[in-house]
Amino acid sequence: MLSRFSAWFVNPRRNPLARLHRNAVAARLRKYGLRYDDLYDPYHDLDIKEALARLPREVVDARNQRLKRAMDLSMKHQYLPDDVQVKKEKAEREALGALPLYQRTIP
């Protein structure tokens, strides 16, 4: 009973409070140019380490670059400007050869 409740409580798809929290965290991360998935620590969970090992090298390099930029901005007590956030993401997607979000399809 407690296990089912805790699974519901932390699942953003089912619990509206968890969804609000995830959206609030994602909004703060965007100020530094990060994605929500960048928070996953490969040293904490072996599954995440394996998933990062299976990703293409360009994706992992882009993730590491975002983390470095976020640490630099955090140390300077600055945020990434709004116009730069959008331009950087668009340039990053083009450099990686990814389609824009509105053109992506699920395989």
Side-chain angles (χ1 to χ4, degrees):
M1 170 83 176
L2 184 60
S3 173
R4 288 174 36 200
F5 175 74
S6 64
W8 171 83
F9 189 71
V10 298
N11 187 350
R13 292 184 181 182
R14 294 185 180 170
N15 185 351
L17 295 176
R19 188 177 318 115
L20 286 173
H21 174 70
R22 183 192 62 197
N23 292 341
V25 170
R28 289 195 67 196
L29 290 174
R30 264 185 256 124
K31 292 180 181 180
Y32 291 106
L34 290 173
R35 296 179 183 166
Y36 191 80
D37 296 337
D38 291 338
L39 293 180
Y40 294 125
D41 186 11
Y43 298 110
H44 179 69
D45 191 357
L46 292 177
D47 292 335
I48 293 172
K49 184 176 181 179
E50 180 64 27
L52 287 173
R54 292 181 182 194
L55 285 174
R57 189 72 195 151
E58 297 84 22
V59 175
V60 176
D61 288 343
R63 178 182 185 267
N64 291 334
Q65 191 64 30
R66 285 192 306 272
L67 289 170
K68 288 178 186 178
R69 180 182 58 212
M71 285 188 279
D72 182 50
L73 288 171
S74 177
M75 295 286 242
K76 293 176 181 176
H77 299 283
Q78 296 177 350
Y79 292 129
L80 198 62
D82 292 333
D83 58 335
V84 175
Q85 290 178 27
V86 176
K87 289 179 183 178
K88 289 275 187 183
E89 182 178 358
K90 185 177 179 183
E92 181 179 305
R93 289 187 163 283
E94 289 175 0
L96 294 175
L99 293 175
L101 289 175
Y102 54 85
Q103 291 182 357
R104 293 177 67 191
T105 59
I106 298 176

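Position 1 is the first residue of the sequence, and the numbers go up from there. Predicted, not measured: the structure shown is a model, and the values here were computed from it.
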Following the transitive rule for hydrophobic clusters with a side-chain heavy-atom cut-off under 4.5 Å over Ile, Leu, Val, Met, Phe, Trp and Tyr, establish whether [X] and [Y] coincide in one cluster.
X	Y	result
Leu20	Tyr36	no
Leu39	Val60	yes
Tyr40	Leu67	yes

Would you give the length of the straight line joining atom [atom1] of [X] to atom [atom2] of [Y], rounded to the nearest 0.5 angstrom?
X	Y	atom1	atom2	result
Leu52	Asp37	CG	CG	10.0 Å
Asp45	Glu50	CG	CD	11.0 Å
Leu80	Leu29	CG	CG	12.5 Å
Arg66	Asn64	CZ	CG	9.0 Å

Check: Arg35 main-chain N/O paired with Asp38 side-chain donor or acceptor under 3.5 Å =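 At least one qualifying donor-acceptor pair exists.
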query = Ignoring hydrogens and geometry, is there a side-chain-to-backbone donor-acceptor pair from Arg69 to Gly33 under 3.5 Å?
reply =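 Confirmed, Arg69 side chain pairs with Gly33 backbone.
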query = Crowded around Arg19 CZ? As in, over 12 foreign heavy atoms under 6.0 Å?
reply =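 Count over threshold, so yes.
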inquiry  = Under 4.0 Å between a side-chain nitrogen and a carboxylate oxygen: does that hold for Asp61 and Arg57?
reply    =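 Yes.
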key: Pairing of Asp72 and Lys68 as salt bridge, 4.0 angstrom limit   =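 No salt bridge links Asp72 with Lys68.
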message = Could you tell me if the side chain of Tyr79 sits less than 4.5 Å from the side chain of Leu73, heavy atoms only?
response =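 Side chain of Leu73 against side chain of Tyr79, heavy atoms only: no contact under 4.5 Å found.
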request  = Write down the atom of Ala18, the atom of Phe9, and the distance for their closest heavy-atom approach.
outcome  =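 Smallest interatomic distance, heavy atoms only, reads CB-O, 3.7 Å.
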task = With sequence neighbours excluded, tell me which residues meet side chain to side chain contact (heavy atoms under 4.5 Å, CB included) with Asp41.
result =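 With sequence neighbours excluded, Asp41 shows a side chain to side chain contact (heavy atoms under 4.5 Å, CB included) to Tyr43, His44, given in chain and number order.
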